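The structure appears below as structure tokens.
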Amino acid sequence: ADIISTVEFNHTGELLATGDKGGRVVIFQQEIENKNQPQFRSEYNVYSTFQSHEPEFDYLKSLEIEEKINKIRWLPQKNAAQFLLSTNDKTIKLWKISERDKRPEGYNLKEEDGRYKDPNTITSLRVPVLKPMDLMVEASPRRVFANAHTYHINSVSVNSDNETYLSADDLRINLWHLEITDRSFNIVDIKPANMEELTEVITAAEFHPHQCNTFVYSSSKGTIRLCDMRASALCDKHSKLFEEPEDPSNRSFFSEIISSISDVKFSHNGRYMMTRDYLSVKIWDLNMENRPVETYQVHEYLRSKLCSLYENDCIFDKFECCWNGNDSVVMTGSYNNFFRMFDRGHRRDVTLEASRENSKPMQVLKPRKVCTGGKRKKDEISVDSLDFNKKILHTAWHPQDNIIAVATTNNLYIFQDKVN
Amino acid sequence: MEVNIEARRILAVSISKLYASRTQRGGLRLHRSLLLSLVMRSARDIYHSSRESEGPSGAQSAPEEPMDTSSSPGEQTRLPEPQQEPAFNSAETDKENLSPAKQSRKRRGKASAAPDFLPSKRARLEPGEERYEFLTHTLLIFKLKVCWSTLGHSLQGQSFITGRRMVPPSTSLACCH
């Protein structure tokens, strides 16, 4: 139950939230030592832990609803409290995380321990005073957005207008207002009249970072549709369709599975978007629909192993991807606890490993290499000795600094760029 | 023919996955089921195109041919698959239950595939399945003990995190700069 299922930094990077399969959310807070010094170290310590979702049962369909947190998205901070949206397969919740460091003392009717006084013993009145106390972080559910999705929710995305957000399941996307829980608008519906004609499902959706009318959604067929909510109430008709023609030489039984997009993320500047399919990461210019501007192979050596990956179910793994703060580097996970970074400007890429042996404090991570054939050099790992149970599906990059959070199955690793 | 054997194997694997996914927690996943059905369709197409090129040969094909031809005319447009599938899994199929007439029955969803082979009709459909809409491109060929075991699946223990370890972030990163 402590398998990490989502990782997300908040907008300042001070807080890092993780969700797990058991429905819990753990929030880490950055403690900065001497940020002004050239060699600053930041530690992330547990700030708050709470149970976001519980397992439920749908009696009508005789189905269990998993409590696993599929996504967490932070709201931009408006006041002293922090807000985040967390979702499982069916229900989205808005949580308020607030600090309490003072408490009132000196009540007239209550003792300090909370017991009520006998009113006859009260002879004078006083005003309670706020006294400092040990910091307490409280998480309380402020809104519950339920019963709007027939299929499993795969994405939530907060709009730049800070008032609305979207939630997407396999066939539909709904638009919500953060204040209103009993109503949502359906803005995309790709369910065919006859379910037997179903050919694709929605796999991810995201609002544009600046244009509050624009959002994209990706499909299991490898296409991305950009929709403009100003065009019509129901955005079934896309404004743009991003699709790269398939390379016929790569056709196999599994071509359709590996072209399914598992994640889509806009760049911070809003000019590009990145998609992750099973073997590659693609960067698309929003102005060019017919092909991506950049394609990075994450683990091309797996192309010849698709059949075994199908048998052990790994081919269905949904990897996420993320941008760094200035959109110059993208990162995604792979197997054997490897994760990959692609430097767009310098056309460099690196493979790193998140493991206990390699992660002593202050130790510089050593780049790893997978040997694809022929003679295996020292320190290289052959494809056949990769551990496919150790997968990194969720990664996150601090919005400003070079601090990354990488989730292996049970553990969270936080790495920081070496500053010297 | 190798492709033939490979296609059959993939099909068998896919069917077992489809069956397994029915009992998993959280219900049937539409996306996964869709992908499984796409693989099965590719495998089926390849199998049949390779069989056609082979011609009527091999022990398997003989008993299946009559069934194939008899069911095709009675076929609905959208269900070319069903009567084809039993062809190569005959070893696992309960022949007497293979009734081509059943193929034309209105399909509610992928999950209802299994009961087609069984003589009794709706009664065999599990209560949850009828409400679940799925692709019908595939067929469960095994003689299934159709047991809707969502209730039987015990909830995973709510073991709280003790193993979560956070590596101090002072570990440095050597790349990209």
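Below, chain A is the first sequence line, B the second, and so on; all start at residue 1. Since the model is a prediction, treat every value here as computed from it, not as a measurement.
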Evaluation steps, side-chain contact (heavy atoms from CB on, under 4.5 Å), between B:L30 and A:L171
CA-CA 9 Å; B:L30 188 62; A:L171 297 178; 3.8 Å; yes

Kindly say whether B:G27 contributes a backbone atom to a donor-acceptor pair with the side chain of A:K61 at under 3.5 angstrom?
no

I want to check something: taking the side chain as every heavy atom from C-beta on, are A:D89 and B:R29 in contact at a cut-off of under 4.5 Å?
yes

Using the side chain to side chain contact (heavy atoms under 4.5 Å, CB included) criterion, which residues pair with A:T408? Sequence neighbours excluded.
A:N337, A:A354, A:I392, A:N411, A:Y413

Is there a side-chain contact between B:R9 and A:E311 (heavy atoms, below 4.5 Å)?
yes

A:N324, part contacting chain B, at a heavy-atom distance under 4.5 Å
neither

Less than 6.0 angstrom from the centroid, inside 45 degrees of the normal: does B:K17 satisfy that with respect to the ring of A:F316?
no

Less than 4.5 Å apart, side chain to side chain, heavy atoms only: is that true for B:S42 and A:F254?
no

Within this structure, what is the OG-CG distance for the pair A:S220 and B:L38, rounded to the nearest 0.5 Å?
7.5 Å

Just verifying a value: how many Å separate A:Y310 OH and B:L35 CG, rounded to the nearest 0.5 Å?
8.5 Å

Testing the basics here: between B:E6 and A:C307, what is the closest heavy-atom pair and its distance to 0.1 Å?
OE2-SG, 3.2 Å

salt_bridge(B:R25, A:E67) N-O dist < 4.0 Å:
yes

Side chain, backbone, both or neither of A:T49 within contact of chain B (heavy atoms, under 4.5 Å):
neither

Report the option among A:K68, A:E56, A:K318 that has the most heavy-atom pairs separated by less than 4.5 Å from atoms of chain B.
A:K318

Within a strict 4.5 Å, meaning less than it, do heavy atoms of the A:D170 and B:R32 side chains meet?
no

Keeping the roles fixed (side chain from B:H31, backbone from A:E200), state whether a donor-acceptor pair exists under 3.5 Å.
no

